[in-house]
Amino acid sequence: MKVKRLILLVLIIIWAVLVFGLSGQNGTESSGLSRKIVEFFTNNEEIIDCVEPYVRKLAHFSEYGLGGMLFILLFSTYKWTDRKMMTISISLGIWYASMDEIHQLMVDGRHGSIFDVYLDSLGFITGVCGMLAILKIKEMLNDKNKKIVKRVKNG
């Protein structure tokens with residue numbers, strides 16, 4: 001269990017550093033990355049200009065969703081209630097999203113946005129709830145398999 005916790009902690013640190021690094025890109029670098037993704041699918045400038053902002057927002061949502069999943073996986077290694085895991089995870093996610101936007105206030109060509117805090121937090125909450133649901137389904141399947149094995153052994 002300690003190895004699993006250590007691995008998850010390292011992954012969370014990598015995630016946090018990655019988010020921090022992406023937020024540290026100036027406005028041109030940040031939009032350039034999203035633009036390249038859209039350009040992979042089309043060369044039409046109108047479509048690129050229209051779609052690129054949504055790709056950026058989806059990236060925010062997704063990267064925080066991953067963070068939420070990692071935190072739930074880490075906290076599930078402790079004997080905590082679902083409520084405690086969710087409360088601590090979501091609180092940390094909202095805190096990090098807020099710090100991320102404050103960080104962006106100090107980066108050339110970037111600005112902090114309360115909307116982005118909401119979007120990042122929603123992504124984090126989605127990751128937390130999604131991973132918690134997966135863990136619950138896994139737990140139910142394991143319990144069901146144990147009951148089947150027990151029935152088979154007992155004849």
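Sequential numbering from 1 along the given sequence is applied to the chain's residues. For clarity, every value in this text was computed on a predicted model and none was experimentally measured.
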Point to revise | All salt bridge (charged side-chain N to carboxylate O under 4.0 Å, His left out) counterparts of Arg35, not counting sequence neighbours | key: Glu39, Glu45, Asp49
Revision key, fill the gap. Value for CZ (Phe124) from CZ (Phe71), rounded to nearest 0.5 Å, stands at 5.0 Å
Review point. Ile37 and Leu66: same hydrophobic cluster, using ILVMFWY side-chain contacts below 4.5 Å?
Key: no
**Study point:** Separation between CD1 of Ile12 and CG of Leu74, rounded to the nearest 0.5 Å
**Key:** 4.5 Å
Check your understanding: Is it the case that more than 12 heavy atoms not belonging to Asn145 sit under 6.0 Å from its CG atom?
Key -> yes
Revision key, fill the gap. CD of Glu101 to CZ of Phe115, rounded to nearest 0.5 Å, is 10.5 Å
Check your understanding: Linking I/L/V/M/F/W/Y whenever any side-chain heavy atoms sit under 4.5 Å apart, do Leu141 and Leu73 land together?
Key -> no
Review point. Does the side chain of Trp80 come within less than 4.5 Å of Ile88's, by heavy atoms?
Key: yes
**Study point:** side-chain hydrogen bond (donor to acceptor under 3.5 Å, both in side chains) pairs, two or more places apart, involving residues 65-79
**Key:** Arg5-Thr77
Check your understanding: Got a sec, which pairs hit salt bridge (Lys or Arg N to Asp or Glu O under 4.0 Å) with one end in residues 123-141, sequence neighbours left out?
Key -> Asp82-Lys136, Lys136-Glu139
Can I get a per-line list of side-chain donor-acceptor pairs under 3.5 Å for residues 13-22, giving both atom names and the distance, sequence neighbours left out?
{"unit_1": "Trp15", "atom_1": "NE1", "unit_2": "Glu63", "atom_2": "O", "d": "2.6"}

**Study point:** Residue pairs involving residues 109-135 (criterion salt bridge (Lys or Arg N to Asp or Glu O under 4.0 Å); sequence neighbours excluded)
**Key:** Lys57-Asp116
Check your understanding: Looking only at heavy atoms, which two atoms of Ser89 and Val128 are closest? And how far apart?
Key -> CB-CG2, 3.8 Å
**Study point:** Pairwise side-chain contact, Leu122 with Phe61, heavy-atom cut-off 4.5 Å (strictly under)
**Key:** yes
Review point. From Leu6 CG over to Leu11 CG, what is the distance, rounded to the nearest 0.5 angstrom?
Key: 9.5 Å
Review point. Would you say Gln104's side chain and Gly112's backbone share a donor-acceptor pair under 3.5 angstrom?
Key: no
Point to revise | Heavy atoms from other residues, nucleotides or ligands near CG of Asp108 exceed 12 (cutoff 6.0 Å) | key: no
Review point. When hydrophobic residues are tied together by side-chain contacts of less than 4.5 Å, even through go-betweens, does Leu58 share a cluster with Leu33?
Key: no
Exercise for review: Could you tell me which non-hydrogen atom of Ser98 sits nearest to which non-hydrogen atom of Val117, and how far apart they are?
Suggested key: OG-CG1, 3.8 Å
Review point. Would you say Met85 and Leu8 are hydrophobically clustered, going by side-chain heavy atoms of ILVMFWY under 4.5 Å?
Key: yes
**Study point:** Partners passing salt bridge (charged side-chain N to carboxylate O under 4.0 Å, His left out) against Asp100 (at least two apart in sequence or in another chain)
**Key:** none
Review point. Within a strict 4.5 Å, meaning less than it, do heavy atoms of the Glu52 and Arg56 side chains meet?
Key: yes
Point to revise | Shared hydrophobic cluster for Leu92 and Leu135 (ILVMFWY, side-chain gaps under 4.5 Å) | key: yes
Practice item. To the nearest 0.5 Å, tell me how far Ser23 OG sits from Leu105 CG. Key: 11.0 Å
**Study point:** Between CE on residue Met131 and CG on residue Leu70, distance to nearest 0.5 Å
**Key:** 8.0 Å
